[in-house]
Amino acid sequence: MSTEATKLVANNKKAYHDYFIEEKFECGIVLHGTEVKSLRMGKCSIKEAFIRIENGEVYAYGMNISPYEMGNIFNKDPLRPKKLLLHKAEINKLNGAVTRDGYTIVPLQVYFSQGRAKLEIALAKGKKLYDKRADIAKKDQRREHEREFKVKNLY
């Protein structure tokens, strides 16, 4: 994600805890008008979302975009599958890794880049329980070091 003209809408912190992130991709999302307005208001959740490749096209399932309050009859189903826009070579690369190597595709964040809604997805490999414990131990150790450093520098 580039830093110029981006506005973060939703973030999936759980993905970094549950998966080893191998490679990231930025893709566009096919949305309807009221969904875009709802996204601009920050009403989106990707915690339960997952990505599938069907017939050479990529779809995001479980991505919840809450209905827009003033949208009435134009509102779409909040959990409908959303088509993702990627280049054919990227789709082939993702499809090959998912079918062969035991990888999965997870959504990382939803944001606006230069006025367009984007979804950052990643090719990821699942962590085992001991990997998660090791990560938690590293975080605790780093936090403890920072606390000690802070105390030392106060005196």
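The model shown is predicted, which means the values in this text are computed figures rather than measured ones.
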Side-chain touch R40/Y68, heavy atoms, less than 4.5 angstrom: no
Salt bridge R147-E144, side-chain N to carboxylate O under 4.0 Å: yes
Other residues, nucleotides, ligands: >12 heavy atoms within 6.0 Å of K93 NZ: no
Residues E22 and K125 bridged, charged N to O under 4.0 Å: no
Cluster link I53 to M63, ILVMFWY, side chain under 4.5 Å: yes
Qualifying residue, where the test is side chain to side chain contact (heavy atoms under 4.5 Å, CB included) with I121 and the options are V106, N12, L94, L108: L94
Which atom of S66 lies closest to which atom of S38, heavy atoms considered: O-OG, 2.5 Å
Check ion pair D135-K132 (N to O, under 4.0 angstrom): no
Atom pair OG/CG of S45 and N11 - distance to nearest 0.5 Å: 11.0 Å
Same apolar cluster: I91 and L123, side chain cutoff 4.5 Å: yes
Nearest-0.5 Å distance that lies between atom OH in Y61 and atom CD in E54: 3.0 Å
Closest contact, heavy atoms only, L8 versus Y111: CA-CB, 3.9 Å
Separation of K118 NZ from Q109 CD (nearest 0.5 Å): 13.0 Å
Co-membership, hydrophobic cluster, residues F112 and I65, 4.5 Å side-chain: yes
Common cluster, Y19/I46, ILVMFWY with side-chain heavy-atom separation under 4.5 Å: no
Cluster overlap L85 with V36, hydrophobic side-chain contacts below 4.5 Å: no
Minimum side-chain heavy-atom gap L119-K82 below 4.5 Å: no
Sidechain-backbone polar pair: K43 side chain, K37 backbone, donor-acceptor under 3.5 Å: no
Side chain to side chain, I29 and E35, heavy atoms closer than 4.5 Å: no
Student check: side-chain heavy atoms of I136 and H17 closer than 4.5 Å: yes
Student check: side-chain heavy atoms of F20 and K127 closer than 4.5 Å: yes
Within-4.5 Å side-chain heavy-atom neighbours: I51 and P107: yes
R116 atom CZ, over 12 foreign heavy atoms within 6.0 Å: no
Contact check, side chains of E57 and K83, non-hydrogen atoms, under 4.5 Å: yes
Heavy-atom closest contact (C44 atom, V9 atom, distance): CB-CG1, 3.9 Å
